[in-house]
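Note sheet for the following structure.
We count ligands from 1, going down the list as the structure has it; atoms in each ligand are counted the same way. In this text the structure is predicted, and so the values were computed from the model without any measurement.
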Amino acid sequence: MGRTGNHAVVIGASIGGLCAARVLSDVYDRVTVYERDELPEGPANRAAVPQGRHVHLLMARGAQEFESHFPGLLDGMVADGVPILENRPDCIHFGAAGHVLGTQHTLQDEFTAYVPSRPQLEWQIRRRVQAIENVDIVRANVTEPTYDAGRQQVTGVLLDDGAVVSADLVIDATGRGTRLPVWLEKWGYQRPREDTVDVGIAYSSQRVQVPDGLLAEKVVVAGASDAQPVGVGMLFYEDGVWNVTTFGVGKVEPPQNFAQMCDLADEILPAHVADALRRGTPVGEVAFHKYPTSRWRRYDKLDRFPAGILPFGDAVVSFNPTYGQGMTMTSLQAGHLKRALQSDDLVGTFTTATAKSTFPVWTMNAIGDLTLHRASGPAPRWYKPVGNLFDQFLGAAETDPVLAEWFLRRFSLLDSLYMVPSARLVGRTVRHNMRLWLAEKRTAKQPVAALR
Ligand SMILES: Cc1cc2nc3c(=O)[nH]c(=O)nc-3n(C[C@H](O)[C@H](O)[C@H](O)COP(=O)(O)OP(=O)(O)OC[C@H]3O[C@@H](n4cnc5c(N)ncnc54)[C@H](O)[C@@H]3O)c2cc1C
């Protein structure tokens with residue numbers, strides 16, 4: 001049964017709130033988005049989204065999902081200068097958990113990705129939402145939702161100027177700092193269980209103007225590993241400036257200034273990339289950000305939940321940012337919301353679908369974090385062997401382009417959200433590693449004179 005309504009309110013006009021508003025606008029007569037932050041007239045950073053100053057990777061899957069909600073978005077971004085990656089693997093240098101994937105000139109399947117800065121993507125989405133006739137984006141701080149205990153229903157929101165706005169549905173898209181668990185408790189419900197992984201991540205980012213012609217790449221990633229608890233992500237954005245984010249995992253501090261960033265690049269990036277960076281000119285100041293804990297609020301596990309309100313985006317789950325998944329997973333939630341609005345059980349349908357898409361991604365992240373990235377949190381015994389197997393897989397993917405391409409596509413959340421190789425791929429990994437091992441043994445056995 002379809003749902004129709006008069007007025008929906010969204011709290012928060014970041015990527016999550018804007019996607020929710022787009023979906024709601026098809027169903028509700030009016031949608032009002034309340035945002036406490038000043039919204040710039042263009043692609044610019046804003047105070048309430050401090051993460052926007054750091055590298056944001058838009059996964060290929062996320063680009064597809066956003067396009068499905070905002071047709072024309074991708075072409076529009078390209079027209080505004082956003083770089084695009086097509087089947088040209090020299091656009092990407094990709095290192096994960098200490099392995100560099102051998103994707104050079106080997107991608108077989110269609111692979112298209114877009115590289116907008118975070119402020120650019122939010123701006124592109126926001127201006128499309130602003131153009132929707134029945135949506136208003138209003139600057140206001142929401143103090144809390146209003147709740148009718150008799151009907152066990154949220155009835156609207158209270159703004160901090162004292163105004164009460166009634167609504168048939170309120171979406172909480174206030175990000176990882178959401179107060180919904182507190183409000184639930186106040187209204188006599190249980191707080192959701194929180195699954196957490198203490199990742200202890202610290203970011204430092206510097207925009208850098210690199211002289212033309214030095215880099216063919218548009219995306220350079222060298223993830224952290226157990227042996228090397230610092231990593232780098234470099235993205236070439238629409239303004240022709242590289243955003244260089246360095247990060248430490250497991251409470252290890254990343255470089256604090258540009259000189260230290262260049263030193264790290266010498267250690268973990270290809271020589272031509274490190275050299276290009278050294279020849280670059282820093283633009284603006286270094287930005288810092290701490291991200292101590294990944295958090296999944298398990299609304300899907302609650303027995304009772306009030307009608308008239310839904311949590312959305314990072315308010316439900318905030319993923320380790322070094323894997324670049326948050327915006328894409330939010331775009332998937334928009335699809336879940338669209339389907340849930342057509343069902344009889346809005347809350348149940350949405351929270352179950354969100355839990356289903358979150359589970360594989362959350363679990364794979366947790367395995368990587370807890371076995372390779374010095375994180376702490378509950379780790380079932382099977383995490384370690386799976387982590388070791390995956391390390392073997394990535395080792396083979398360094399020189400086997402088929403495995404590398406499979407990893408790149410799954411990492412981009414294309415094909416499936418599950419990072420589980422088929423039996424055929426596992427067999428290929430074992431055979432590949434066996435061949436490498438035998439070749440190494442043969443080389444070691446040769447007399448030293450023969451090697452000269
Ligand atoms: C350091 C870092 C790096 C990241 N890198 C990536 C990446 O590479 N790729 C990726 O896909 N994702 C990345 N993410 C995640 C991504 O930023 C989020 O998933 C994305 O912003 C969606 O979040 P959201 O809209 O749910 O919440 P947020 O972006 O946190 O926005 C919440 C909004 O709600 C508003 N708000 C809050 N309370 C109120 C109130 N009471 N009244 C009115 N308004 C309110 C805030 O002002 C804000 O605008 C990263 C995150 C971090 C922290």
Side-chain angles (χ1 to χ4, degrees), residues 9-21 32-40 45-63 65-66 113-119 121-122 125-126 137-145 157-161 165 170-180 182-183 199 201-205 219 221 223 233-235 237 243 245-247 254 287-295 297 311-334 354 358 361 411-413:
V9 159
V10 179
I11 319 174
S14 183
I15 302 275
L18 294 169
C19 287
T32 312
V33 185
Y34 289 109
E35 170 55 56
R36 65 182 176 192
D37 201 13
E38 186 176 349
L39 296 174
N45 280 304
R46 57 190 186 88
V49 184
Q51 71 264 35
R53 295 181 188 278
H54 303 271
V55 149
H56 264 61
L57 204 54
L58 171 60
M59 292 300 177
R61 173 71 179 274
E65 296 288 333
F66 285 127
Y114 298 77
V115 198
S117 67
R118 164 61 210 245
L121 180 63
E122 185 177 308
I125 291 179
R126 186 166 68 243
I137 303 179
V138 177
R139 184 156 185 213
N141 184 28
V142 172
T143 308
E144 61 180 356
V157 289
L158 170 67
L159 306 183
D160 74 354
D161 63 2
V165 181
V170 174
I171 299 281
D172 169 18
T174 57
R176 47 187 279 112
T178 169
R179 293 186 43 78
L180 183 55
V182 178
W183 296 329
V199 288
I201 288 168
Y203 269 46
S204 59
S205 298
V219 172
V221 176
M234 290 175 51
L235 299 187
Y237 282 146
N243 192 347
T245 287
T246 56
F247 58 90
F288 298 95
H289 194 89
K290 296 253 184 206
Y291 182 95
T293 304
S294 302
R295 195 177 300 278
R297 298 183 173 92
F312 195 86
D314 279 20
V316 182
V317 53
S318 135
F319 295 91
N320 176 339
T322 66
Y323 302 126
Q325 299 153 332
M327 300 186 300
T328 295
M329 297 306 288
T330 296
S331 72
L332 292 177
Q333 286 188 31
T354 296
T358 299
V361 179
F411 181 84
S412 306
L413 305 170

_Strictly distance-based, threshold 3.5 Å: is any side-chain N or O of Glu65 a donor or acceptor partner for the main-chain N or O of Leu332?_
no
_Derivation and outcome, side chain to side chain donor-acceptor pair (under 3.5 Å), residues Thr322 and Tyr291_ = CA-CA 10 Å; Thr322 66; Tyr291 182 95; over 6 Å; no
*Examine distances only and state if a side-chain atom of Asp37 and a backbone atom of Ala48 form a donor-acceptor pair shorter than 3.5 Å.*
yes
*Does Glu122 come within less than 4.0 angstrom of ligand 1, counting non-hydrogen atoms of the residue?*
no
*asked:* Tell me whether Arg297 contacts the main-chain N or O of Arg176 through its side chain, where contact means a donor paired with an acceptor under 3.5 Å.
replied: yes
*Taking the non-hydrogen atoms of His289, is any one of them nearer than 4.0 angstrom to ligand 1?*
yes
*For the side chain of Thr178 and the backbone of Thr174, is there at least one donor-acceptor N/O pair under 3.5 Å apart?*
no
*Ser14 heavy atoms, cut-off 4.0 Å: which ligand 1 atoms fall inside?*
21 (O), 25 (O), 28 (P), 29 (O), 31 (O), 32 (C), 33 (C), 49 (O)
*N or O contact, Gly313 vs ligand 1, cut-off under 3.5 Å*: no
*Which atoms of ligand 1 sit under 4.0 Å from any heavy atom of Ile11?*
40 (C), 42 (N), 43 (C)
*Residues Arg46 and Glu35 bridged, charged N to O under 4.0 Å*: yes
*Does an N or O anywhere in His54 fall below 3.5 Å from an N or O of ligand 1?*
no
*Can you tell me which residue and heavy atom of the protein come closest to atom 18 (C) of ligand 1, and the distance to 0.1 Å?*
Asp314 OD2, 3.3 Å
*Is there a donor-acceptor contact under 3.5 Å from the side chain of Arg61 to the main chain of Ser331?*
no
*Quick one: does Tyr323's side chain get under 4.5 Å of Val361's, heavy atoms only?*
no
*Whether Pro50 lies under 4.0 Å from ligand 1, heavy atom*: no
*asked:* For atom 9 (N) of ligand 1, what's the nearest protein heavy-atom neighbour? Residue, atom name and distance, please.
replied: Leu57 O, 2.9 Å
*Considering only protein heavy atoms, which is closest to atom 36 (N) of ligand 1, and at what distance to one decimal place?*
Arg36 NE, 3.8 Å
*Under-4.0 Å heavy-atom contact with ligand 1, by part of Met59 that carries it*: neither
*Minimum-distance protein heavy atom relative to atom 48 (C) of ligand 1*: Glu35 OE1, 3.6 Å
_Whether Ser205 side chain and Ala287 backbone form a donor-acceptor pair below 3.5 Å_ = no
*Would you mind running through ligand 1 and noting each atom that sits below 4.0 Å from a heavy atom of Ala173?*
32 (C), 33 (C), 34 (O)
*asked:* Given 3.5 Å as the limit, does a donor-acceptor pair link the side chain of Asn45 with the main chain of Pro119, or not?
replied: no
*Which protein non-hydrogen atom lies closest to atom 42 (N) of ligand 1, naming both residue and atom, and how far is it?*
Val142 N, 3.0 Å
*Is Val55 close to Phe247 at the side-chain level, that is, under 4.5 Å between some pair of heavy atoms?*
no
*Is the closest N or O pair between Gln51 and ligand 1 shorter than 3.5 Å?*
yes
*Please write down residue, atom name and distance for the protein heavy atom closest to atom 14 (N) of ligand 1.*
His56 NE2, 3.3 Å
_Considering non-hydrogen atoms of the protein only, which is the closest contact for atom 30 (O) of ligand 1, and what is the distance?_
Gly175 CA, 3.6 Å
_If I apply the N/O under 3.5 Å rule, does Gly16 come out as touching ligand 1?_
yes
*Give the residue, atom name and distance (to 0.1 Å) of the protein heavy atom nearest atom 11 (O) of ligand 1.*
Met327 N, 2.7 Å
*Return yes if some donor-acceptor pair links the side-chain N/O of Thr354 with the main-chain N/O of Gln333 below 3.5 Å, else return no.*
no
*asked:* Which of the numbered atoms in ligand 1 are under 4.0 angstrom from any heavy atom belonging to Val55?
replied: 5 (N), 8 (O)
*Which atoms of ligand 1 have any heavy atom of Arg46 under 4.0 Å away?*
49 (O)
*Under the 3.5 angstrom rule, does the side chain of Thr143 hit a backbone N or O of Asp160 as a donor-acceptor pair?*
yes
*For Ala140, counting its heavy atoms only, list the atoms of ligand 1 lying under 4.0 Å from any of them.*
42 (N), 43 (C)
*Between the side chain of Ser318 and the main-chain N/O of Asp314, is any donor-acceptor distance below 3.5 Å?*
no
*Going by the order shown, which atoms of ligand 1 are within less than 4.0 Å of some heavy atom of Asn141?*
40 (C), 41 (N), 42 (N)
*What atoms of ligand 1 come within less than 4.0 Å of a heavy atom belonging to Gln325?*
10 (C), 11 (O)
